[in-house]
Amino acid sequence: MACHRHVAARWFSHRCDAVRTLSSDTLFMGQQQVRIEHFGAPYWLKIPGQGR
């Protein structure tokens, strides 16, 4: 069963019984941002600065 489906150019989340979970320490490994490539398109996930 898919956890997400693409509808009208937006992603909608659906309930999943098993979702892969990563800790932020594992995901960022000491960096402030990670680049995720999805079907060739780049996306960035950043840790926001505190108090900004």
>> Check for me, please, whether Leu22 and Ile47 land in the same ILVMFWY cluster - side-chain distances under 4.5 Å, paths through other members count.
In response: yes
>> Give me each pair satisfying salt bridge (charged side-chain N to carboxylate O under 4.0 Å, His left out) with a member in residues 26-38, each pair once, sequence neighbours excluded.
In response: Arg35-Glu37
>> What's the separation between atom CD1 in Ile36 and atom CG in Leu27, rounded to the nearest 0.5 Å?
In response: 6.5 Å
> Can you pull the salt bridge (charged side-chain N to carboxylate O under 4.0 Å, His left out) pairs that have at least one residue in residues 22-32, sequence neighbours excluded?
Replying inline: none
>> Could you work out, with side-chain contact (heavy atoms from CB on, under 4.5 Å) as the rule, every residue matching Gln33, not counting sequence neighbours?
In response: Trp44, Lys46
> Which heavy atom in Leu45 sits nearest to a heavy atom in Phe28, and how many Å separate them?
Replying inline: O-CE2, 3.4 Å
> Partners of Thr26 by side-chain hydrogen bond (donor to acceptor under 3.5 Å, both in side chains), sequence neighbours excluded?
Replying inline: Ser23
